[in-house]
Amino acid sequence: MEENTTSMKRNQSKKNNTFKYLLICSIGLLCILVICVLGVFGLKDKQIGQTQTKDSVDLGNYSYKKVNNFNIVETESWGDVPINYLLVMLKENSTREELEKILPEFQGNIVGEFEFVNLYQVEIPAATEEGLNVYIEEFNNNEIVEDVTPDIPLEIDEIEGKPCSVMGDFYTVGTSSIPYDVIGLEKAWQYIRASGVKLNKVHVGVVDQALDKNSKEIGGKVKIKGLESTDELVSASSSGYNHGTEVAHIIGGDWGNYGVVGIAGGLEEKLEISVANTFTSDDEYTQIATLDPKDPAHINYYGTNYSVKAFNDIYRQIESGAKVINMSFGTDPDHTSEGISNIYKKFLKRMEVEHPEVVFVASAGNHNKEITSNNRTVGGIKAPNLITAGALDKNGDKAKFSNYTNGGGEVTLSTVGVDVPVAIDKNGELVTNSGTSFSAPQVAAAAALLKSINPKLSAMDVKRILVESADTEISNPNVSERIKQVDEKIGGKVLRIDKAILQVLSELPEDQRPENISKDFLEKIGSIQVFAEPVKNDPLSFEIDAIIHAVRKEGTEITVDLNGDGTLGGSSVRNIDKSTTLEWGFSFPAKDKSAQLLFTRKDSQACSRLVLSPDNNFEGIYKGNLNVVLPNYSVVTQKDVNIEIAVIIDEENNVEISFAKQGSLDFGIQGMEMSSTYDTNSKSSGIVDESGNFTTEGTYTSTSTTHPPAGYENLIPPEYKAQLTQTVNGNVEAEGSIKEDRLEGTMSFSGEGGSATGDFQAEKEE
């Protein structure tokens, strides 16, 4: 009996020891299994936007009413929206029935429903943005409403071509474009070209310093020269181009070179600029050492000269045929004789009678002083054929140096005269300058454009059009966040060349006036919009659309010029006779290529540049398999594990691998069958480079529970019960690459129980 009892105790002890050994082994083994099997790409579908299969998902009722294009209204706050629809989201505990009860007071009705989020599409009788705002406010004030919004339009991820600009790349740096943005230069040339108006020859005379013949802005299609050989410099000043050359650049700098843009330079062969050297000094400027050399009011830009020579040079310009005379010089208001002023007054009056076609443009001066008709020559004199230009700063205020008037003299209008682009230096950098000297040539160039469109305009007509079309305020967002009134002391007006062009076109004789010169029509004729959209699942290909909003009855030609690698699918020359959208395909031979396409319409010379490169955005969901070969433990029933994987890459090429897996494992020790259930989660992240390569790093946490074999449940010692459930932590690293929508790579796992690696492949989903 004792022997039997002892034998039973020995057997029980042996069984307990066996279980202890089994449990210890299983716990150690389980840690490795957790790493190898649990901590992999077992991503639950709910983390990639699809909670379950379609058959098992129930989001409640959902429906909507299609938007009618007739109800689309352009709004300031939301763009083009259906004005008669609102999306009303109710609070969590509110119901459709409650919404239906309040809708009669809004004269509304439910036309769409998304029960899952308590959202309703409500039709209302609004017809304007103001009316829509009233409905939004009233709905928001109701206690059952959580939020309300118009139906906001979506945008396709397209690449838009950049419209060709009159101004070159230099004007995109910092605030360099502000002077020309303010006067509407870009629009002005759009209107000129789109109108198809015949342009006539015009001659501008510049009375200033000698012309530097080494200027890169000279020698293009615009004819820029000294009036005589003595009006030209043999060699440039070491400090850069001189004052007279910079003034000529503003008026007619060459559009065809890598440099500044002359405002009237687009006239090309139709424009002639002659420069008369009225100053004896070739220096760029003479600084007055006792004053601030950075203040334009304290710089003498002209060297030394006297009024009589300037008067003589004005005569020379007129006799040479110049119809616009730029005079960026004058006298100090504190040192001007009334006699000098009277000479110019008499001259201007005689010119008005005998040569009314000649326009004179003068600078107001940089002394920050009040000018009258008697203390500043030539500027400041009130005369129908003289325009005096003041200067604004880039915020639209009076430039601190600009002379002004309180009514005794005249500052006709102003332009931005601070940091005006005037040249490109020997290092290829943009040079700017400040002063009313650089406001005057902006006005002179505008006068030249008007005279080219209608050479019969008198000086009085030119002045009238420029003043009538000028703005009294600056609202350009590049200049100021608020609308700013132009100071009355500097004319109360800012030059607007674009509006002046529209006005001079409207005043042409009927037999010379182009067909349809409305602002809207000219802007449509003067533009071509180009968009490119990547072809789905083909990173080397694009679909291109060119939208032509208007065409004259004679039609036009659209051409495509390709610079770079790739193949254009379709003809590079298309003839059209109506507004339309043209389509092309485009494909690259490889991912490391790029191309620029220039789309041009012949009638208005409007063009758009489209820069393309293969789509290196790998956004999408990739699904496939990870194969992990487990370490060679005899107790493991499975020797390898094949697991479904999923990888998410967002639009910025961020890659994220999330683990969320539940399952079970079977294994055996000394002929005993055991099982374990597990629950693991983790996240690793990284980024895909332009070549499609990526690495990710992250961590995981896994919890597992070992289930003893049948018959051993009640034999577990208390000290081991807590060890049946284990939590392990580890690190996850992956590296791989993407090629043509196929993702492949390796993943490594390391943690408290050991390490393992696996290979994976995945395909991008449609």
Side-chain angles (χ1 to χ4, degrees), residues 29-56 537 539 618-633 636-650 653-667 675-688 691-702 704 728 730-751 753-766:
L29 176 62
L30 190 59
C31 291
I32 295 176
L33 294 178
V34 166
I35 294 170
C36 297
V37 180
L38 311 185
V40 291
F41 289 73
L43 183 64
K44 287 185 179 178
D45 284 344
K46 66 181 181 181
Q47 295 185 347
I48 58 175
Q50 295 177 332
T51 306
Q52 302 174 38
T53 63
K54 288 184 178 179
D55 293 337
S56 61
N537 298 324
F618 301 96
E619 179 183 7
I621 299 171
Y622 297 76
K623 286 190 174 182
N625 293 280
L626 168 70
N627 187 66
V628 178
V629 178
L630 301 181
N632 189 23
Y633 288 93
V636 180
T637 304
Q638 288 177 281
K639 297 301 182 183
D640 62 345
V641 180
N642 190 273
I643 303 167
E644 292 184 357
I645 67 169
V647 182
I648 301 174
I649 302 176
D650 68 15
N653 286 338
N654 295 306
V655 57
E656 182 177 288
I657 305 170
S658 297
F659 306 177
K661 182 71 173 179
Q662 295 177 338
S664 62
L665 289 173
D666 296 323
F667 55 95
S675 67
S676 176
T677 57
Y678 57 83
D679 187 351
T680 184
N681 61 81
S682 180
K683 183 178 291 185
S684 65
S685 59
I687 190 166
V688 184
S691 300
N693 300 316
F694 66 89
T695 60
T696 67
E697 295 181 355
T699 60
Y700 72 84
T701 299
S702 285
S704 61
V728 296
N731 297 318
V732 182
E733 295 182 357
E735 62 179 34
S737 62
I738 307 171
K739 295 182 179 179
E740 297 183 357
D741 295 339
R742 178 178 174 82
L743 180 151
E744 58 184 31
T746 61
M747 176 164 281
S748 62
F749 309 94
S750 60
S755 61
T757 60
D759 297 324
F760 59 86
Q761 303 85 33
E763 299 285 343
K764 189 174 183 179
E765 288 195 325
E766 291 293 332

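Every value quoted in this text rests on a predicted model; they were computed, and no experiment measured them.
Annotation: side-chain contact (heavy atoms from CB on, under 4.5 Å) contacts of Gln761 (sequence neighbours excluded): Arg742, Glu744, Asp759. Every residue was checked against the salt bridge (charged side-chain N to carboxylate O under 4.0 Å, His left out) condition with Glu735, not counting sequence neighbours, and none meets it. For Glu697, there are no salt bridge (charged side-chain N to carboxylate O under 4.0 Å, His left out) partners at least two apart in sequence or on another chain.
Scanning all heavy atoms of the two residues, the minimum distance from Glu619 to Asn653 falls at N-OD1, 4.1 Å. When all heavy atoms of Gly758 and Leu626 are compared, the closest pair comes out as C-CD1, 3.8 Å.
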Requested in this report: Just do the side chain to side chain contact (heavy atoms under 4.5 Å, CB included) check on Tyr622 and Ile738 with the steps written out, would you?
Outcome: CA-CA 10 Å; Tyr622 297 76; Ile738 307 171; 4.0 Å; yes

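Once rounded to the nearest 0.5 Å, the distance linking OG1 of Thr746 with CG of Asn627 reads 13.0 Å. In this structure, CD1 in Ile687 is found 12.5 Å from OG1 in Thr696, a value given to the nearest 0.5 Å. From Ile645, atom CD1 reaches atom NZ of Lys623 across 11.0 Å, with rounding to the nearest 0.5 Å.
At a threshold of 4.5 Å between non-hydrogen side-chain atoms, the residues Leu743 and Lys764 do not count as touching. Under the 4.5 Å side-chain criterion, counting only non-hydrogen atoms from C-beta, Ile649 is not in contact with Phe694.
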